[in-house]
Visitor: 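There's a structure below that I have some questions on.
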2 protein chains.
Amino acid sequence: MATVSRVVNGNPNVKPSTRKKVQDAIDQLGYRPNAVARGLASKKTTTVGVIVPDISNIFFADLARGIEDVATMYKYNIILCNSDQNPEKEIHLLNTLLGKQVDGIIFMGGRLHEDLVREFKTSPVPIVLAATLNQDYDLPAVNIDYESAAHDAVKSLIDHGHKRIGFITGPLEQQINGEKKFAGYRSALEEANLPFDEQNVVLGNYTYDSGMKAMNQLLELGADCPRAIFAGTDEMALGVIHALQDAGHQVPQDFEVIGHDNTRLATMIRPKLTTVVQPMYDIGAVSMRLLTKILNKEEIETNDVTLPHRIEERDSTRSS
Amino acid sequence: MATVSRVVNGNPNVKPSTRKKVQDAIDQLGYRPNAVARGLASKKTTTVGVIVPDISNIFFADLARGIEDVATMYKYNIILCNSDQNPEKEIHLLNTLLGKQVDGIIFMGGRLHEDLVREFKTSPVPIVLAATLNQDYDLPAVNIDYESAAHDAVKSLIDHGHKRIGFITGPLEQQINGEKKFAGYRSALEEANLPFDEQNVVLGNYTYDSGMKAMNQLLELGADCPRAIFAGTDEMALGVIHALQDAGHQVPQDFEVIGHDNTRLATMIRPKLTTVVQPMYDIGAVSMRLLTKILNKEEIETNDVTLPHRIEERDSTRSS
DNA sequence: GTGAAAGCGCTAACAC
DNA sequence: GTGTTAGCGCTTTCAC
């Protein structure tokens, strides 16, 4: 019994000859270790929970792939849950994952409700946030610098001579929009001594349709309509471009637009979309790697890692 | 001990007053049942495995969402694995899932290698195939009728007066392309007494770029180039349309194109894409529902369900 | 209606 | 190097 356990687990304290005998028996009988029993005895399940708003969203799907790839690399499996950003569901999922004795959790979400943070703090297993802001709480997390990314995007538009910059963003309650990206937008304007005008910022909900709608709203400003648009996601940026084209405008000649995320969509439109690249796959991969480090009690430089971003210039902006 | 188990599991054989006492204690202590121990004792984990080629592919992400939603409905969790269609990896994943004592498995893949089928046949838990062809093996599966879908698409093009129809497809080794869609393509031609011409079918690999490339190859046929294209996936269809537009052609005036799947991409292009709708989300949902039926030993009409398809007419084809 | 006890298939001391 | 043993935290008979 114990010896079998040893060979199954690669414990070196087994004589090669017995190891071989055991291995042969295993092969012959088609024996397959029961991971549940193993989990009960060892208190490790080699399974981690992943909570994601919506896996059918291309953005999170990419992230999930990054997570899964490094999970596989470290012999973990993933229990994948969709939260739809619903706070109760988030808490419920967290609890069922903990009940299933996952070794750790990776969480993605728009807004960290404080009840959730409380649960996170008392979790018996480590939790890392992926592409999810952390604010004052000191939870492990991996992100890019959204404020600086937005700043860069807006600045590049300003550098092209624009005085009015449209900003089409997701819900402002989400810190990433309401604080980070918005702050980057404003600071770029300030830096260039440009006035902030509320009518230039329009809310969307991340979707293509909301991007179109937002652009059409901007278009109603007539002569005051900004001729340069920063959209909070690529998908909204596509909507913006099509709204513009449908109205008979040329991109980038009449209007410039810049997106955010660099999803695969960015190259599937004409003109191809200039966009801020947020490395989703990498964020997922790094999050999972960070989690494995915590689980293995490896040395960790910092709990809060910031990945680099950059702007990928394509054809929806005029070349600098 | 046993009584606690009874109240946790909602067993009716408990006096209401004791039930309440137990419940109070549970709440007070923050007791959370250990699903691993429960799984070991009951031989049920309320977890199902999902093997998917690549979750970052919009197509599978949608399917996965359908699966997860009905899984949640029936109180199951999902262990999600990416196979990259690699036969060894598929077998390996199957085995680790079985080791983790999942209650069932949902499998998606392009080609069912016979080693895999053998493993499926001897699996201790039920396996259902989602959007994955079954051929002679009699495994539970849910699909649409790909042959008839392709037939309908090509026929609609023929009805618009085209004599030469381009077919841009994924790898022919995959039964869905090489047998089903291809057969539909040919039968539609035959039905209209149109000759089959090998040069009109071009292979892609499902991606946007491969769609562009395939269309450019077709364009080299010059006067012989088909003016109506059926693309095996929406993403390739987008590539086709852009290749056409880049070459100065008008869609649908000069060329008509029709896609397959009706992913969200279809409405994110100008002209909007006419496409065969394959209800990915539904296929996922129905697969999972089928699995729950098997697990609950419910009455099942048929193991091999075929969901309906239809053509969504948009602007990349001329209106009939 | 409730408790006692066996046992699910492993791991982890601990002896030898 | 290998075997023995005691759990891991539950469910499930089986008595009472």
Side-chain angles (χ1 to χ4, degrees), chain A residues 1-49 74-77 79 95-104 123-125 295-297, chain B residues 1-49 74-77 79 95-104 123-125 295-297:
Chain A
M1 180 87 251
T3 301
V4 172
S5 176
R6 285 188 195 98
V7 347
V8 166
N9 292 292
N11 183 316
N13 292 354
V14 186
K15 196 169 25 164
S17 69
T18 41
R19 173 184 303 280
K20 171 142 184 12
K21 268 196 279 187
V22 171
Q23 191 59 57
D24 287 350
I26 285 178
D27 294 343
Q28 207 146 30
L29 302 175
Y31 167 77
R32 178 188 292 133
N34 181 324
V36 172
R38 189 186 287 200
L40 183 59
S42 68
K43 316 201 143 302
K44 292 205 177 74
T45 53
T46 62
T47 302
V48 315
Y74 286 87
K75 312 254 186 254
Y76 285 96
N77 287 110
I79 296 184
N95 278 308
T96 79
L97 287 174
L98 293 176
K100 295 224 169 176
Q101 313 300 117
V102 294
D103 294 339
S123 163
V125 300
L295 291 173
N296 297 337
K297 307 199 187 324
Chain B
M1 180 85 252
T3 300
V4 172
S5 176
R6 286 188 193 98
V7 347
V8 167
N9 292 293
N11 183 317
N13 292 355
V14 186
K15 197 168 25 162
S17 68
T18 42
R19 175 184 302 281
K20 172 143 184 14
K21 267 196 281 189
V22 171
Q23 192 58 57
D24 287 349
I26 284 178
D27 295 342
Q28 208 146 29
L29 301 174
Y31 167 78
R32 178 189 291 134
N34 181 324
V36 172
R38 187 186 286 200
L40 184 59
S42 68
K43 314 201 144 303
K44 293 208 179 74
T45 54
T46 61
T47 301
V48 315
Y74 287 87
K75 312 254 185 254
Y76 285 95
N77 288 109
I79 296 185
N95 278 307
T96 78
L97 287 174
L98 293 177
K100 295 224 170 175
Q101 313 300 118
V102 294
D103 293 338
S123 164
V125 300
L295 291 173
N296 297 337
K297 307 199 189 323

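Proteins get letters first, then strands, A, B, ... in listed order; numbering begins at 1 in each. The figures that follow rest on heavy atoms only: side chains count, while hydrogens, waters and symmetry mates do not.
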Visitor: Does the pair B:Val125 and B:Val48 meet the rule for a side-chain contact (heavy atoms from CB on, under 4.5 Å), with working shown?
Guide: CA-CA 10 Å; B:Val125 300; B:Val48 315; over 6 Å; no
Visitor: Rounded to the nearest angstrom, tell me the gap between atom NZ in A:Lys100 and atom C1' in D:dC10.
Guide: 15 Å
Visitor: Separation of B:Tyr31 atom OH from D:dG9 atom P, in whole Å?
Guide: 10 Å
Visitor: Roughly, in whole Å, what's the span from CG in B:Asn11 to P in C:dG1?
Guide: 10 Å
Visitor: Verify the contact: side-chain N or O of A:Arg38 to OP1 or OP2 of C:dT11, cut-off strictly under 4.0 Å; return yes or no.
Guide: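 Yes, A:Arg38 has a side-chain N/O under 4.0 Å of OP1/OP2 on C:dT11.
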Visitor: With sugar-phosphate meaning primed atoms plus P, OP1 and OP2, does B:Asn34 contact a base, only sugar-phosphate, or nothing at under 4.0 Å between heavy atoms?
Guide: sugar-phosphate
Visitor: Quickly work out the A:Lys15 NZ to C:dC16 C1' distance and round it to whole Å.
Guide: 15 Å
Visitor: Could you state the atom-to-atom distance from CE of A:Met1 to C1' of D:dG1 in whole Å?
Guide: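 One finds 17 Å between C1' of D:dG1 and CE of A:Met1, rounded.
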Visitor: Take atom CZ of A:Arg32 and atom P of C:dC8, then tell me their distance rounded to the nearest Å.
Guide: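 About 19 Å, once rounded to whole Å.
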Visitor: Given side chains that start at C-beta, do those of A:Leu98 and B:Arg32 come closer than 4.5 Å, heavy atoms only?
Guide: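 Answer yes - side chains close enough.
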Visitor: With respect to the side chain of B:Thr18, which nucleotide from D:dT2, C:dA12, C:dG1 is positioned closest?
Guide: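 Comparing D:dT2, C:dA12, C:dG1 against the side chain of B:Thr18, the answer is C:dG1.
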Visitor: Can you tell me if B:Lys43 touches the phosphate of C:dG9, counting only side-chain N or O atoms and a distance under 4.0 Å to OP1 or OP2?
Guide: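 Yes.
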Visitor: Measuring only between side-chain heavy atoms, which start at C-beta, is A:Tyr74 closer than 4.5 Å to A:Leu295?
Guide: no
Visitor: If you find the nucleotide of DNA chain D closest to A:Thr3 and the one closest to A:Ala41, which residue's nucleotide is nearer the 5' end?
Guide: A:Thr3
Visitor: Do any N or O atoms from the side chain of A:Asn9 and from the backbone of A:Asn11 form a donor-acceptor pair under 3.5 angstrom?
Guide: no
Visitor: Counting side-chain heavy atoms from C-beta on, which of D:dG3, C:dT2, D:dT11 comes nearest to B:Asn13?
Guide: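 Taking heavy atoms from C-beta onward, the closest nucleotide is C:dT2.
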Visitor: Side chain of B:Ser42 only, please: which of D:dT12, D:dT4, C:dT11 is the nearest?
Guide: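 My answer, after comparing the listed nucleotides, is D:dT12.
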Visitor: When B:Lys100 is tested against each of A:Asn34, A:Thr46, A:Thr45 for side-chain contact (heavy atoms from CB on, under 4.5 Å), which residue passes?
Guide: A:Thr46
Visitor: Find which nucleotide of DNA chain D each of B:Arg6 and B:Leu40 is nearest to by heavy atoms, and output the residue with the more 5' nucleotide.
Guide: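 The 5'-side residue here is B:Leu40.
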Visitor: Whole angstrom is fine here: how far is it from CG in A:Asn9 over to P in C:dC10?
Guide: 10 Å
Visitor: Give the rounded distance in Å between these two atoms: NZ of A:Lys44 and P of C:dT11.
Guide: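 After rounding, the reported distance stands at 12 Å.
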